[in-house]
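Just so we're on the same page: letters track the sequence lines, and every chain starts at 1. Predicted model only: the values in this text are computed from it and were never measured.
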Amino acid sequence: MELMDFAPNFSIDQLTQSQKAAVLHRDGPLLILAGPGSGKTRVITSRIAQLIKDGVSPYNICAITFTNKAAEEMRQRTFDMGVTSGLQVSTFHSLCVRILRQYAQMANLEPNFSIYSDAEQKKCVKDAIADCNVASSNFMPSRVLNAISKFKNDLESVEDVAKRADGFYLEILAKIYKRYQEILLANNALDFDDLLVRTAYLLRDRPEVRSELSRRFQYLMVDEYQDTNHTQYQIAKGLSIEHGNICVTGDPDQSIYRWRGADIANILAFEKDYPNAKVVKLEENFRSTPEILSVADKLIANNSKRKEKRLIATCESGNKVETNVYSDEQEESLAVARKIKSLISSGANLNEIAVLYRVNSMSRALEEAFVNEQIPYSIVRGVEFYSRKEIRDMIAYLKLIANPSDNVALERIINTPARGIGKTSLGRVADYAKARKISMYEAVTSVAFIDTISKAAQSKIAKFGHMIHKFTKLLDEPSCGIADLMETVYLESGMSDSLKPNERGEDTARANVDELISSAAKYDKETESQQTSLFDYLQSIALYSDTDAYDANSPTVSLMTLHAAKGLEFENAFIVGLEEGLLPHERSKENPEELEEERRLFFVGITRAKRNLNISYAKYRSMRGMLNRTIPSKFLYEIGMSPQNAYANSYGSQDSFTSKPKKTSDYVPKPKSTALYRAGDSVRHSKFGLGKVKEYLDLGEKSVVTVRFDSGQTKALLLKYAKLDKIG
DNA sequence: GTGAATCATCTTTTT
DNA sequence: GATGATTCAC
């Protein structure tokens with residue numbers, strides 16, 4: 001019995017009535033409907049502390065968060081309350097890895113399985129499509145992968161899909177799905193979704209495992225329940241079915257992962273699902289000003305599928321929500337940058353400011369403006385680092401060392417850096433392995449027996465095999481940390497010699513690997529006391545997420561997508577690009593449910609702001625190198641901001657139009673007097689061919705020519721970039 | 001078998 | 001406009 005694990009630094013006195021109700025409801029199912037800024041995290045941590053105070057061992061409590069970052073924060077908070085050990089706090093994925101490792105045998109798994117993320121999944125799905133002999137033009141790997149992911153999110157096995165397949169498309173899809181799973185099995189690998197799926201099956205098919213885990217996790221808490229998919233739902237149910245102590249928290253209005261398989265019905269139907277559930281609503285908002293909340297409220301009222309819930313403001317009144325319109329994204333970015341500068345000069349800290357946008361590519365214009373205006377910023381995109389070529393190569397070495405069955409890793413590095421092992425030889429190794437049902441690494445170690453391969457190639461391949469074998473040996477030495485191993489691999493594999501500076505003389509690739517090694521050294525140090533393995537390290541990278549890179553204390557302005565902003569809050573928030581096709585996004589327009597999700601996404605964005613919120617859009621925006629005239633987002637109308645008078649205007653403030661005389665005009669270049677083109681002019685474009693000018697907007701440097709081409713399409717082109725010749 | 005160069009394709013959000 | 005596949009010269 002651990003006696004030190006009560007929570008002496010915790011008191012319930014400061015909580016509101018409804019918060020207390022949520023904390024004190026101890027046994028049985030509990031649904032906490034928590035609006036934005038309602039102190040949800042505080043309630044969950046208080047609940048944990050209260051349970052422990054009541055005599056429950058931390059060892060018997062399991063909290064599931066949405067991101068690693070949130071888990072880390074919760075650990076810190078409960079630690080501050082005096083909870084010192086034993087608590088299980090993690091994401092669904094991390095928890096599943098843990099369970100699958102512990103019960104590997106029962107789950108029919110080798111415990112050193114690889115975890116495949118997008119690039120590796122794509123490779124496997126491509127191979128699967130090729131093996132099924134289907135015209136890959138009809139079955140694009142990304143589409144197929146999406147479909148497979150959907151099956152897995154809905155907990156549909158290969159057999160389930162094959163059984164319900166009624167048409168050609170689904171039949172082929174089932175075939176590819178089957179082959180894809182076989183490939184993963186051969187590689188001793190699981191993809192992201194498999195981590196969940198395999199755990200769900202384990203809980204379903206092995207009552208003894210389910211019982212053991214139920215006894216271990218007697219109190220289960222799931223945060224962000226509105227964004228769980230069906231498989232996660234089944235896992236939560238499986239873990240709690242024997243004791244019924246399941247507490248879920250979430251907000252249907254903040255569900256933004258439908259596209260990833262999240263099923264909002266999980267939270268909407270919780271009471272039906274658990275008939276004796278207690279429901280607590282947390283409707284008070286302790287984060288934002290009434291001005292911000294009223295905008296959020298107006299917006300979300302347009303959604304039909306929701307649970308009625310109020311937003312009760314408790315903060316003092318503050319500034320009006322600002323809406324601005326700019327001529328293009330450069331001007332928008334510059335204006336945001338200057339507004340940030342003025343916020344800073346009036347005392348704001350850099351880390352209290354965030355700029356939010358719908359798609360990652362929108363960070364580009366903002367970055368440029370921030371560099372020009374010399375504003376320190378950081379882009380919250382953690383996974384980007386790990387998707388770099390040189391980093392992926394290094395990781396592939398480690399993956400192969402940890403899991404010799406990982407053919408995808410082997411294929412990636414057998415000739416990286418170039419060792420003279422080409423496609424032909426590799427293909428023969430693969431054939432040999434396939435025929436004998438062994439891994440490619442095993443085939444490599446016995447390459448001398450593969451007589452289809454030339455002696456010269458054999459010796460190169462054997463040399464590679466010996467090198468990997470040597471690395472594997474290193475792993476057995478207890479003194480060898482991940483960073484040491486990495487460094488050895490880096491030097492002895494030839495990776496270090498092969499990385500060259502780019503055209504501009506920047507040695508970024510090398511710097512990246514250095515960063516990887518030092519981050520591994522940090523990992524070694526942090527996990528010194530525990531006995532961690534290469535597997536644990538690889539797992540932590542595989543499940544690394546964008547928001548994990550967010551550091552609330554770093555003195556920089558944060559740039560991130562609206563999705564990444566989930567769960568965060570900022571004194572000052574800017575939301576840019578309120579345009580049709582962007583927010584709501586083009587791809588969500590046909591489906592009313594997806595439109596509602598876009599609205600929720602904007603709702604999430606608005607409610608991140610504590611005191612100042614600034615919303616903007618640009619009249620022209622270039623997407624994939626093409627300048628387009630935009631249409632203001634319908635969401636602007638819904639929040640009562642008519643874009644016509646939104647120009648440098650403040651919402652709800654009658655006089656601000658005159659008090660702020662066209663601040664934006666500072667950045668509009670003066671029109672030139674001589675028009676270069678006139679409507680009706682014939683022109684030739686290097687790519688689109690012949691056409692006639694429909695409209696010419698004379699804006700000097702930023703002049704826009706709208707041309708109707710003979711091909712039928714009409715394009716608005718930025719004169720500066722358009723390769724346009726006037727004819728006649 | 002290698003590396004440069006060109007072509008084609010896709011382009012929302014991410015654990 | 002970036003990434004991946006293909007092609008071509010060596």
Side-chain angles (χ1 to χ4, degrees), chain A residues 64-71 90-97 115-119 121-123 126 136-137 140-143 145-146 149 152-153 190-197 224 227-229 231-232 255-262 356-364 380-384 386-389 414-427 454 456-457 460 498 500 503 539-549 560-566 577 581-589 594 597-598 600-602 604-605 622-626 687 721:
Chain A
I64 299 174
T65 57
F66 195 71
T67 62
N68 298 308
K69 193 87 194 167
S90 61
T91 62
F92 263 109
H93 286 84
S94 300
L95 177 69
C96 289
V97 171
I115 300 170
Y116 278 179
S117 47
D118 8 302
Q121 287 182 53
K122 213 167 175 185
K123 162 103 178 52
K126 262 184 205 163
S136 60
S137 54
M140 276 154 41
S142 58
R143 299 242 159 206
L145 206 50
N146 256 331
S149 180
K152 292 182 177 182
N153 287 156
L190 301 182
D191 66 17
F192 275 133
D193 302 315
D194 279 338
L195 297 173
L196 304 172
V197 169
E224 308 284 9
D227 279 322
T228 50
N229 62 35
T231 304
Q232 289 166 328
S255 165
I256 54 175
Y257 282 96
R258 196 188 107 98
W259 53 274
R260 208 172 73 184
L356 312 177
Y357 39 80
R358 177 67 236 263
V359 297
N360 280 302
S361 61
M362 291 168 74
S363 68
R364 214 192 178 81
V380 178
R381 256 211 119 185
V383 292
E384 211 168 50
Y386 291 100
S387 60
R388 301 219 151 96
K389 263 184 245 65
I414 192 164
N415 200 33
T416 312
R419 303 188 170 90
I421 305 170
K423 232 180 170 178
T424 342
S425 308
L426 187 60
S454 71
K460 288 175 192 162
S498 74
K500 285 179 227 140
E503 322 77 56
Q539 187 252 95
S540 76
I541 316 187
L543 301 182
Y544 193 77
S545 72
D546 275 355
T547 16
D548 296 346
M560 68 186 95
T561 62
L562 287 159
H563 282 92
K566 177 188 174 116
L582 212 45
L583 187 61
H585 195 271
E586 196 64 49
R587 303 267 280 244
S588 62
K589 280 198 157 159
E594 282 180 36
E597 174 145 315
E598 294 289 308
R600 290 193 293 266
L601 189 57
F602 186 30
V604 167
S622 38
M623 300 287 277
R624 26 179 213 253
M626 187 81 64
K687 202 165 160 191
Y721 303 124

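Between A:E597 and A:Y257 the shortest heavy-atom distance is OE2-N, 3.5 Å. Here the closest heavy-atom approach between residue A:N415 and residue A:G420 is recorded as OD1-N, 3.3 Å.
A:F92 comes within 4.0 angstrom of nothing in the nucleic acid, heavy atoms only. Among the heavy atoms of the strands lying under 4.0 Å from A:N360 are primed sugar atoms or P, OP1, OP2 only; no base atom is included. A:R364 comes within contact range of the sugar-phosphate backbone alone, with a heavy-atom separation under 4.0 Å but no base atom that close.
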Strictly under 3.5 Å: I want the nitrogen or oxygen pairs between protein and nucleotides 1-4 of chain B, one per line.
| unit_1 | atom_1 | unit_2 | atom_2 | d |
| --- | --- | --- | --- | --- |
| B:dG1 | OP1 | A:S425 | OG | 3.1 |
| B:dG1 | OP2 | A:T424 | OG1 | 2.8 |
| B:dT2 | OP1 | A:G420 | N | 2.7 |
| B:dT2 | OP2 | A:N415 | ND2 | 3.2 |

When you compare the protein's N or O atoms with those of nucleotides 3-5 of chain C, which come within less than 3.5 Å of each other, and at what distance?
| unit_1 | atom_1 | unit_2 | atom_2 | d |
| --- | --- | --- | --- | --- |
| C:dA5 | OP1 | A:K126 | NZ | 2.8 |

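Side-chain proximity of A:T561 to the nucleotides B:dT14, B:dT12, B:dC10 is greatest for B:dT14. Side chain of A:H585, nearest nucleotide from B:dT11, B:dT15, B:dT12: B:dT12.
Remark: the A:S545 side chain and the A:D548 side chain contain an N/O donor-acceptor pair separated by less than 3.5 Å.
A:S94 places no side-chain N or O within 3.5 Å of a backbone atom of A:L543 that could act as its donor or acceptor partner. No donor-acceptor pair under 3.5 Å is formed between the side chain of A:H93 and the backbone N or O of A:L195. The closest donor-acceptor contact from the side chain of A:D194 to the backbone of A:V197 lies at 3.5 Å or more, if one exists at all.
The gap from the C1' atom of B:dT12 to that of C:dA5 amounts to 24 Å, rounded to the nearest Å.
Rounding to the nearest 0.5 angstrom, the gap separating the OG atom in A:S588 from the CZ atom in A:R258 is 10.0 Å.
Both geometric conditions, a ring-centre gap below 5.5 Å and a plane tilt below 30°, are not fulfilled together for A:H563 over the base of B:dT13. Remark: ring of A:W259 stacked against base of B:dT13; centroid gap under 5.5 Å, plane tilt under 30°.
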